[in-house]
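In what follows, chains carry the letters A, B, and so on, assigned in the order in which the sequence lines appear, proteins first and then strands, with residues in each chain numbered from 1.
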Protein chains: 2
Amino acid sequence: MMKNNSHPASKGEFKSKNLVAERKRRIRLKERIYALRVLVPKITKMSKATTLDDAVDYIKELQNQAMKLQDELLMLPYEAGDCEGSVASTEEEKPLLNCKEEVCVTLIDANELHIKITSKETTNGFFILIDLLSNLGFEIVDINWFVFKGVTTGMICVEGVDAAVKAEDLRKLLPETIKAIRMISVD
Amino acid sequence: MMKNNSHPASKGEFKSKNLVAERKRRIRLKERIYALRVLVPKITKMSKATTLDDAVDYIKELQNQAMKLQDELLMLPYEAGDCEGSVASTEEEKPLLNCKEEVCVTLIDANELHIKITSKETTNGFFILIDLLSNLGFEIVDINWFVFKGVTTGMICVEGVDAAVKAEDLRKLLPETIKAIRMISVD
DNA sequence: ATTAACACGTGAATC
DNA sequence: TGATTCACGTGTTAA
């Protein structure tokens with residue numbers, strides 16, 4: 001290659017002022033094309049247009065692949081995809097369960113109890129509460145519990161004989177915490 | 001915009017024969033740039049060079065993402081291997097959770113642990129496991145747990161310093177139960 | 001007025 | 001050879 005080097009002005013005079021700027025621009029564009037060529041694995045032809053074509057196809061392919069992989073991960077029992085904003089811990093000293101926790105106990109029937117929790121504390125109270133439920137002889141049927149932006153939300157469904165009296169025991173054991181013990185009438 | 005339309009030859013004569021071909025080529029190139037602009041989500045400026053720049057960055061980003069997702073998926077076949085011929089390490093303290101429970105512990109990062117449980121037992125093991133996690137200094141971030149037709153399914157996400165060594169502690173405390181401890185690479 | 005970004009026509013090189 | 005691809009200098013437009 002020996003392309004034009006001496007054509008427009010054999011002695012160095014040029015009319016345009018943006019000549020060098022345009023040269024820079026061309027170089028910049030060319031280099032971006034090269035960068036794409038390096039990145040894209042399938043290059044069908046060493047030409048600008050086809051390089052861009054390949055880049056377009058490759059991006060589409062990558063997008064599809066990413067979608068597919070993400071779907072596969074979502075099929076798993078659970079996955080790490082949305083664990084991004086990972087819970088900045090907010091480590092303070094934890095009081096016992098008489099803090100700002102709000103616990104609502106609902107007596108479903110003679111053997112079943114629903115416990116709803118909302119709290120600004122994190123998880124220390126969880127262990128205490130679970131320990132209490134264990135000592136009271138309950139069995140865990142259903143738990144949904146998560147901490148988001150420092151706010152804990154939990155629902156626990158437990159089963160055990162004499163749930164009504166055990167609910168009152170809970171009220172005694174968590175006097176500052178239990179906001180309400182409700183009854184739900186069942187036949 | 002009214003760019004050059006009548007400049008070189010006021011009456012339609014042109015010197016070059018590849019004039020129209022060059023026009024087509026320019027149009028083709030421009031359209032590829034537009035195609036990239038459509039595909040790339042982050043466009044910092046409406047200019048050719050910067051569009052190519054954004055495309056380059058986006059491809060790199062997609063490649064990284066795809067690699068990461070694929071790595072996560074490749075961790076899966078690893079799961080069943082560890083527990084089978086397992087280390088008949090003679091003198092271990094007897095398992096606390098020696099039932100038919102299957103526990104899979106996944107180390108998300110240095111501070112985060114995911115625990116997956118499927119079991120034919122009901123809830124007795126739950127209290128033991130929660131107690132262990134409490135004693136190990138973990139905090140509960142997320143729990144999803146339910147019992148359906150006698151089969152327990154649970155997912156627990158805990159947080160705590162030195163999750164890696166604590167995961168090994170869990171393996172020692174639940175030797176018959178822990179099926180696998182997986183690693184998920186994160187940066 | 002200065003600059004950056006384009007589109008244009010053209011000649012040369014490549015296939 | 002034709003057809004493609006490229007690089008170049010220039011004029012024009014908008015910020």
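Taking atom CG of residue A:Leu52 and atom P of nucleotide D:dT5, one finds them 12 Å apart after rounding to whole Å.
Within the structure, every side-chain polar atom (N or O) of B:Arg23 is placed at least 4.0 Å from both OP1 and OP2 of C:dA7.
In terms of position along DNA chain C, the nucleotide closest to B:Thr50 lies nearer the 5' end than the nucleotide closest to the other residue of the pair B:Glu22 and B:Thr50.
For A:Glu112, the side-chain contact (heavy atoms from CB on, under 4.5 Å) test picks out A:Ile108, A:Asp109, A:His114, A:Cys157, with sequence neighbours left out. Taking A:Ala66 as the reference, B:Gln65 meet the side-chain contact (heavy atoms from CB on, under 4.5 Å) condition, with sequence neighbours excluded. Scanning for side-chain contact (heavy atoms from CB on, under 4.5 Å) contacts around A:Glu31 gives A:Ile27, with sequence neighbours left out. A:Arg26 pairs by the side-chain hydrogen bond (donor to acceptor under 3.5 Å, both in side chains) definition with nothing, not counting sequence neighbours. With sequence neighbours left out, A:Glu61 forms a side-chain hydrogen bond (donor to acceptor under 3.5 Å, both in side chains) with no residue at all.
Between the B:Lys42 side chain and the B:Asp54 main chain, no donor and acceptor come within less than 3.5 Å of each other.
Taking a 4.0 Å limit (strictly below) on heavy-atom distances, residues 25-49 of chain B reaches DNA chain D at B:Arg25, B:Arg28.
A donor-acceptor contact under 3.5 Å is formed by the side chain of B:Asn18 with the base of C:dG11.
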